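Single-structure report; data block below.
Values in this document were obtained by computation on a predicted structure and should not be read as measured data.
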Amino acid sequence: MLSRIAAALVPAFGRLTVTADPGPRPAPGAILVANHTSLADPAVVVAALRRYGIEPVILATGGLWRVPLLGSALRREGHIAVHRGTARAADSLDAAAVALASGRSVLLYGEGRLPLRRDAGESAPGPFRSGLARLAAATGAPVVPVGQAGARRLCSGSRAKQLAGVFTAPVRRPCLHVHIGSPLHLPARVPEATDRAHQAVTSAWRTAALALGEDGQDPAHPHPYPHPNPRSERSW
């Protein structure tokens with residue numbers, strides 16, 4: 001249901017386009033990892049994935065389960081609450097492994113937090129936590145990097161600016177772009193796996209940012225990672 005709602009609502013708030021690397025679409029049972037820049041980007045990513053028939057189990061902050069209606073929908077559809085900083089923090093990875101074993105894909109955010117910048121500009125992916133690498137090592141599931149750009153044009157900055165952005169978006173119709181990268185298998189060692197995943201998501205984000213006319217420059221890496229030529233969503 002949440003995927004259907006996102007697919008219906010996002011086009012009303014912005015102009016969403018999607019591209020993908022050449023090759024087959026991600027198979028069921030994959031770990032999808034996206035960059036996190038805005039409170040709006042989960043809806044943008046889920047709407048983009050649904051165009052390819054992908055409706056993933058989402059790992060999201062546990063506080064969302066306390067939101068009326070949304071919390072019950074998250075529980076009903078089997079999405080996974082992440083309780084960071086508590087004794088229950090590891091439970092989310094166990095639940096994700098069960099979902100992957102059942103053939104469902106899982107969507108998570110490697111950074112685990114939003115960027116600190118307050119303007120609506122693009123922000124390169126921040127450092128990744130180790131959970132992604134540990135989940136991939138435990139399950140052997142392929143990892144699919146997903147880069148999104150433009151969600152900060154929908155919602156960013158202070159609470160007042162975020163509300164203003166959402167309310168004016170149907171008039172402004174900002175451009176949004178999601179790029180789906182090629183599946184990869186991460187190395188066994190967690191530090192190397194985390195770095196490899198970060199590079200892949202940064203490359204996918206850069207492709208999405210360039211599609212919107214942003215420079216896609218990661219300040220921490222002045223020499224960009226190479227990124228493949230995307231193909232349009234009609235290719236799948």
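By the 4.5 Å heavy-atom criterion applied to side chains, R153 and L212 are counted as neighbours. Looking at L32 and V45, their side chains never come closer than 4.5 Å, going by heavy atoms from C-beta outward. Contact of the R51 side chain with the L16 side chain is registered, since non-hydrogen atoms from C-beta on lie closer than 4.5 Å. A 4.5 Å side-chain heavy-atom check between H177 and T19 finds at least one atom pair inside the cut-off. Counting heavy atoms from C-beta on, the side chains of I54 and P26 come closer than 4.5 Å.
The two residues A6 and P11 make their nearest non-hydrogen contact at O-CD, 4.1 Å. Heavy atoms only, all atoms of each residue included: G181 and V144 are closest at O-CG1, 3.6 Å. When all heavy atoms of S182 and P22 are compared, the pair lying nearest together is OG-O, 4.0 Å. Of all heavy-atom pairs between G103 and P28, the closest is O-CB, 3.1 Å. Taking every heavy atom of both residues into account, S92 and A81 meet most closely at CB-O, 3.6 Å. Looking at every heavy atom in both residues, G29 comes nearest to A141 through O-CB, 3.5 Å.
Atom CD1 in I58 sits 6.0 Å away from atom OG in S3 (nearest 0.5 Å). We find the CZ-OG1 distance between R134 and T139 to be 12.5 Å, quoted to the nearest 0.5 Å. Note that OG1 of T202 is 8.0 Å distant from CG of N35, once rounded to the nearest 0.5 Å. Interatomic distance, S203 OG to D21 CG, rounded to the nearest 0.5 Å: 7.5 Å.
Scored by the side-chain hydrogen bond (donor to acceptor under 3.5 Å, both in side chains) test, R196 finds no partners at all (sequence neighbours excluded). Remark: R104 engages no residue in a side-chain hydrogen bond (donor to acceptor under 3.5 Å, both in side chains) (not counting sequence neighbours).
Checking side-chain atoms of R152 against main-chain N and O of E122 turns up no donor-acceptor pair under 3.5 Å. Of the possible donor and acceptor atoms, none in the side chain of H198 sits under 3.5 Å from a partner among the backbone N and O of E111. Judged by distance alone, with hydrogens and angles left aside, the side-chain atoms of S38 form a donor-acceptor pair with the main-chain N or O of C155 at under 3.5 Å.
Residue pairs meeting the side-chain hydrogen bond (donor to acceptor under 3.5 Å, both in side chains) criterion with at least one member in residues 164-174, sequence neighbours excluded: T168-R172. Listed by first and then second residue, the ring pair (Phe, Tyr, Trp, His ring centres under 6.0 Å) pairs involving residues 141-162 amount to none (not counting sequence neighbours). Annotation: ring pair (Phe, Tyr, Trp, His ring centres under 6.0 Å) contacts involving residues 4-38, sequence neighbours excluded, comprise H36-Y109.
When V146, L210, T207 are each tested for a side chain to side chain contact (heavy atoms under 4.5 Å, CB included) with H179, only one passes: T207.
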Does the side-chain contact (heavy atoms from CB on, under 4.5 Å) test come out yes or no for V178 and T17, once each step is laid out? CA-CA 7 Å; V178 173; T17 53; over 6 Å; no
- What's the verdict on side chain to side chain donor-acceptor pair (under 3.5 Å) for Q148 and T37, showing C-alpha distance, side-chain angles and the deciding distance? CA-CA 9 Å; Q148 62 78 26; T37 62; 2.8 Å; yes
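In this structure, Y52 is a member of the same hydrophobic cluster as L176, with clusters built from ILVMFWY side-chain heavy atoms closer than 4.5 Å.
Cluster note: L135 groups with I31, V33, V57, L59, I80, V82, L93, L100, V106, L108, F128, L132, V143, L184, L186, V201 through ILVMFWY side-chain heavy atoms spaced under 4.5 Å, whether in direct contact or through intervening members.
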